[in-house]
S.K.: 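One structure, pasted below without further comment.
Below, chains carry the letters A, B, ... as their sequence lines are ordered, and counting in each starts from 1.
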Number of protein chains: 2
Amino acid sequence: MDARDLLPMCEITQRSGFAASAIRYYEAEGLIEAHRSGGGQRRFERSVLRRLAFIRAASNVGLTIEEIRDELGRLPGNRTPTKADWQRISRHWGRRLDEQIAALQRLKGGLDGCIGCGCLSLRSCAFSNPGDVHGEDGAGARLLPDSLRRPHPTRRGAGRRGSAS
Amino acid sequence: MDARDLLPMCEITQRSGFAASAIRYYEAEGLIEAHRSGGGQRRFERSVLRRLAFIRAASNVGLTIEEIRDELGRLPGNRTPTKADWQRISRHWGRRLDEQIAALQRLKGGLDGCIGCGCLSLRSCAFSNPGDVHGEDGAGARLLPDSLRRPHPTRRGAGRRGSAS
DNA sequence: CCTTGAACTCAAGTTCACTTCAACTTGAAC
DNA sequence: GTTCAAGTTGAAGTGAACTTGAGTTCAAGG
């Protein structure tokens, strides 16, 4: 690859919308790669822009950095996603989004059922107790799946929401 | 109020499902109040359980502690929510949930539209760029509202997801 | 050569909603 | 009177995903 095909940091930040610090962070985390100029400055292949678009999309779906790294790493040859990869992955994300939507709808349904009852009971009101905390882990659809429960800092939990840095 | 009507910490933790540390945190944050025993231990009025149920429900909808404090504070007389309060509030939350659902559906729609295109363009692909970052703040529905965008740590952003402590 | 702005590194800071820890004290039962 | 679970405090830690800051260097133009 010709050195003239490599992009400097300013180009990447402008075209991806990510801050330089975020780009450096992603490189440190192994999500993207960079070449170096003679003086030690980063020079990026054009394909990095595509990976960054992928990262943004993934993070909008709520994937964590680690999950994104896995997802990128599962691509055969660790390459930038092709059209076929993207189709497979987006089906996967679609399911995830479907789950999140269904969960919010269950919560909404519980809320609608509660309007008028005014109970807000810790034991029986599904809205204030979507996990049925006191129910000894009973069966039945839970109102909120883990992906939408509060990702508890110390116990392991799932992701955040999408970015628009 | 008779001292025999006041509940000790263990009762509150068992019946609310919150950890003692969380209860203390909520008190420090001004979401709930506590009396003290002669020796300095917390003694709670029964109504605190109701406030805690409210807190759990609110946090499941994605409100932050600050928003919950505001919401509780807006109650006339700063009292525990009554049935009527709850109806008003739950309509408000219903709208919020509707927004979140609609946002996820837009994102899902964008994803469906993208399956097969394989573009993932930083400029035009709505999925990888739901905020239209390069669009000079153009009009039109945004795929993700602020409540679902990644709440950026340092810049001010909106909430987290629901809890099941 | 000088200036200017972009880039570099590395450590430390940020936010949120709590938890954990250490070192004590209370309160109720026996 | 002894025991021991339950409770207290304040400070510090947690995790994710970056940002900020300090101090230094690079690259390009004039």
S.K.: CD1/Ile32(A) to CG/Leu72(A) distance, rounded to the nearest 0.5 angstrom?
M.R.: 10.5 Å
S.K.: Nearest whole Å is fine: how far is dG13(C) P from Tyr25(A) OH?
M.R.: 18 Å
S.K.: Quick one: on DNA chain D, does Ala22(A) or Gly38(A) contact a more 5' nucleotide (nearest heavy atom)?
M.R.: Ala22(A)
S.K.: Roughly how many Å is it from CZ in Phe44(A) to P in dC8(C), rounded to a whole number?
M.R.: 7 Å
S.K.: With a 3.5 angstrom cut-off on both distances, give the Watson-Crick or G-U wobble partner of dC30(C), or none if there isn't one.
M.R.: dG1(D)
S.K.: My understanding is that only residues two or more places apart in sequence, or in another chain, count here; which of them pass side-chain hydrogen bond (donor to acceptor under 3.5 Å, both in side chains) with Arg24(A)?
M.R.: none
S.K.: List every contact pair, protein side and nucleotides 9-12 of chain D side both N or O, where the distance is under 3.5 Å.
M.R.:
unit_1 : atom_1 : unit_2   : atom_2 : d
dT9(D) : OP1    : Arg36(B) : NH1    : 3.3
dT9(D) : OP1    : Arg36(B) : NH2    : 3.3
dT9(D) : OP2    : Arg42(B) : NH1    : 2.9
dT9(D) : OP2    : Arg42(B) : NH2    : 2.7

S.K.: May I have the step-by-step check of side-chain contact (heavy atoms from CB on, under 4.5 Å) for Thr13(B) and Met9(B), ending in yes or no?
M.R.: CA-CA 6 Å; Thr13(B) 58; Met9(B) 181 61 99; 4.0 Å; yes
S.K.: Looking at dT19(D), dG27(C), dA6(C), which one has an atom nearest to any side-chain atom of Arg43(B)?
M.R.: dG27(C)
S.K.: So, taking the atom named CZ in Arg56(B) and the one named CD1 in Ile68(B), what distance separates them when rounded to the nearest 0.5 Å?
M.R.: 11.0 Å
S.K.: From C-beta outward on Pro8(B), which listed nucleotide comes closest to its side chain: dG7(D), dA27(D), dA17(C)?
M.R.: dG7(D)
S.K.: Here's a test of your reading of the structure: between Ser37(B) and Gly39(A), which maps to the more 5' nucleotide of DNA chain C?
M.R.: Gly39(A)
S.K.: My understanding is that only residues two or more places apart in sequence, or in another chain, count here; which of them pass side-chain hydrogen bond (donor to acceptor under 3.5 Å, both in side chains) with Glu71(B)?
M.R.: Trp93(B)
S.K.: In whole Å, what is the span from the CE atom of Met9(A) to the P atom of dT9(C)?
M.R.: 9 Å
S.K.: Rounding to a whole Å, what distance do you find between Leu7(A):CG and dA6(C):P?
M.R.: 17 Å
S.K.: Nearest to the side chain of Cys10(A) - dA7(C), dG7(D), dC18(D)?
M.R.: dA7(C)
S.K.: Can you check side-chain contact (heavy atoms from CB on, under 4.5 Å) on Leu7(B) and Leu49(B), steps first, answer last?
M.R.: CA-CA 10 Å; Leu7(B) 308 171; Leu49(B) 284 172; 4.0 Å; yes
S.K.: Would you indicate, yes or no, if dA17(D) has its OP1 or OP2 atom less than 4.0 angstrom from a side-chain nitrogen or oxygen of Tyr26(A)?
M.R.: no
S.K.: Hey, could you give me the CZ/CZ distance between Arg74(B) and Arg69(B), rounded to the nearest 0.5 Å?
M.R.: 12.5 Å
S.K.: Specify the separation, in whole Å, of atom CD of Glu29(B) and atom P of dA17(C).
M.R.: 8 Å
S.K.: Send over the distance from Ile23(B) CD1 to dA6(D) C1', rounded to a whole Å.
M.R.: 15 Å
S.K.: Output the rounded distance in Å from NE2 (His35(B)) to C1' (dT8(D)).
M.R.: 18 Å
S.K.: Mind calculating the distance between CD (Gln41(A)) and C1' (dA28(D)) to the nearest angstrom?
M.R.: 11 Å
